[in-house]
A.B. asks: 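Here it is, the structure in full.
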Amino acid sequence: MRYWIFLFAILAIASRSVLAADYTAAFPSAMSNLTSPNGKYMVVNVDYDHRVPHHALFIVNKSRKQRIYLYSYSRHVDISWALDSAHLYINDYAGSDNSDCLIYGVSNMSIVRIANVLQKYNLESSQIKHNGHVYITCSKWISNKRVAVEVSGYGGGNLNGFNIYYVYELGKKPRPLKTRGTETDLRNHLMY
């Protein structure tokens, strides 16, 4: 009986660690690639000395040994795979005054720019339109097709700064989150 309890406990701990595995990376960095959760793909970062933009991301299909251009960036990015390996997001910190999140579909090689999605659904608030510093970032995958989005910034439209949170389900209108409490409370709310 003890053997089965021990085995069950080990399996529970192992499954939690797999579910909690973090498939994220920031580039440029000492590490130059990030493998997808299913192991079939790898995002590879290439740095160029004499080319602008100075960095490029490629996606490699490991079984076909095929490398496809994904995205170029100037400063730095962070990326995160969805657990089903069908999508990844790229947060592009393009300047000191802006960032944007892009979601890449692996099977159809599509790219969705979150700034364009917010504009399409008229979700650009006056805070976004009238500030010199606007940062749109994907903060985590909630499920394989839903991502938490944070829009923050400051400037002439709001000297104290602002934070707006959305849940974006691929192909649908982003759902604004009504926030109460602290940013930590919100991040904990997104753990479902």
Side-chain angles (χ1 to χ4, degrees), residues 20-29 31 34 36-37 43 45 53-57 59 70-83 85-106 110-155 157-192:
D22 192 18
Y23 296 96
T24 64
F27 300 120
S29 70
M31 181 180 68
L34 179 66
S36 63
V43 175
N45 181 70
H54 296 293
H55 315 282
L57 298 174
I59 192 159
L70 178 60
Y71 187 72
S72 291
Y73 65 98
S74 298
R75 296 179 69 152
H76 70 279
V77 296
D78 59 55
I79 64 174
S80 179
W81 281 101
L83 282 180
S85 302
H87 296 89
L88 64 97
Y89 68 69
I90 303 167
N91 287 321
D92 182 0
Y93 302 95
S96 62
D97 60 351
N98 70 85
S99 66
D100 195 6
C101 177
L102 301 95
I103 299 177
Y104 177 78
V106 175
S110 63
I111 291 186
V112 174
R113 187 175 294 272
I114 295 296
N116 294 346
V117 172
L118 295 175
Q119 186 176 29
K120 174 183 175 182
Y121 291 106
N122 294 316
L123 295 174
E124 290 184 305
S125 70
S126 61
Q127 292 175 326
I128 295 173
K129 290 180 182 176
H130 303 298
N131 281 289
H133 298 260
V134 177
Y135 310 99
I136 300 171
T137 56
C138 292
S139 54
K140 69 176 288 172
W141 287 100
I142 299 169
S143 69
N144 290 325
K145 295 192 184 262
R146 293 187 313 154
V147 65
V149 176
E150 179 179 357
V151 181
S152 60
Y154 65 92
N158 191 327
L159 296 176
N160 295 323
F162 67 92
N163 292 77
I164 304 169
Y165 301 94
Y166 298 94
V167 171
Y168 174 60
E169 186 169 348
L170 299 175
K172 297 187 178 181
K173 180 179 179 177
R175 180 173 50 92
L177 291 176
K178 305 291 185 216
T179 59
R180 293 184 197 147
T182 66
E183 184 177 329
T184 302
D185 293 336
L186 178 68
R187 291 189 191 278
N188 290 338
H189 172 70
L190 294 174
M191 295 300 284
Y192 63 91

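Residue numbers count from 1 along this sequence.
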A.B. asks: If the plane angle is over 60° it's perpendicular, under 30° parallel, otherwise tilted; pick one for Trp141 and His87.
C.D. replies: tilted
A.B. asks: Given Tyr166, which partner from the list Val147, Val151, Leu177 fulfils the side-chain contact (heavy atoms from CB on, under 4.5 Å) test?
C.D. replies: Val151
A.B. asks: Is there a donor-acceptor contact under 3.5 Å from the side chain of Thr24 to the main chain of Ile79?
C.D. replies: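 Not a single qualifying donor-acceptor pair exists.
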A.B. asks: Do the non-hydrogen side-chain atoms of Phe27 and Tyr73 ever get within less than 4.5 Å of each other?
C.D. replies: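 Answer yes - side chains close enough.
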A.B. asks: On a heavy-atom basis, which atom in Ala148 and which in Ile142 lie closest, and how many Å separate them?
C.D. replies: N-CD1, 3.9 Å
A.B. asks: As an exercise, state the distance from CD1 of Ile114 to NZ of Lys120, rounded to the nearest 0.5 Å.
C.D. replies: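 If I round to the nearest 0.5 Å, the distance is 11.5 Å.
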A.B. asks: Can you tell which of Asp92, Leu70, Leu88, Leu34 makes a side-chain contact (heavy atoms from CB on, under 4.5 Å) with Leu57?
C.D. replies: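 It is Leu70; the other options fail the test.
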A.B. asks: Between Val117 and Pro174, what is the shortest heavy-atom contact and its length?
C.D. replies: CG1-CG, 3.5 Å
A.B. asks: About how many Å separate OG of Ser143 and CD of Glu169, when rounded to the nearest 0.5 Å?
C.D. replies: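 Between atom CD of Glu169 and atom OG of Ser143 there are 6.5 Å.
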A.B. asks: Of all the heavy-atom pairs spanning Ala115 and Asp100, show the shortest one and how long it is.
C.D. replies: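 Distance-wise, the nearest heavy atoms are N-OD1, 3.3 Å.
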A.B. asks: Could you state the interatomic distance from OG (Ser99) to CD1 (Ile136), rounded to the nearest 0.5 Å?
C.D. replies: 7.0 Å
A.B. asks: For Ser29 and Ala26, which heavy atoms make the closest approach, and how far apart are they?
C.D. replies: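 Heavy-atom minimum between the residues: OG-O, 3.0 Å.
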A.B. asks: Between atom CG of Leu102 and atom CZ of Arg113, what is the distance when rounded to the nearest 0.5 Å?
C.D. replies: 4.5 Å
A.B. asks: How far apart are the closest heavy atoms of Pro37 and Ala82, and which atoms are they?
C.D. replies: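 Reported closest heavy-atom pair: CG-O, 3.5 Å.
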A.B. asks: Working to the nearest 0.5 Å, report the span between NE2 of His55 and CZ of Arg75.
C.D. replies: 10.0 Å
A.B. asks: Go through the steps for Arg175 and Arg146 under the test side-chain contact (heavy atoms from CB on, under 4.5 Å), then give the verdict.
C.D. replies: CA-CA 10 Å; Arg175 180 173 50 92; Arg146 293 187 313 154; 4.2 Å; yes
A.B. asks: Measure up the Tyr135 and Tyr154 rings against each other and bin them: parallel (under 30°), tilted (30 to 60°), perpendicular (over 60°).
C.D. replies: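 Judged by the thresholds at 30° and 60°, the geometry between Tyr135 and Tyr154 is tilted.
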A.B. asks: How long is the gap from OG1 on Thr137 to OH on Tyr93, to the nearest 0.5 Å?
C.D. replies: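 So the OG1 of Thr137 and the OH of Tyr93 are separated by 5.5 Å.
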A.B. asks: Is the shortest heavy-atom distance from the side chain of Asn91 to the side chain of Cys138 under 4.5 Å?
C.D. replies: yes
A.B. asks: Looking only at non-hydrogen atoms, find the nearest pair between Met31 and Ala25 and report the distance.
C.D. replies: CE-CB, 3.4 Å
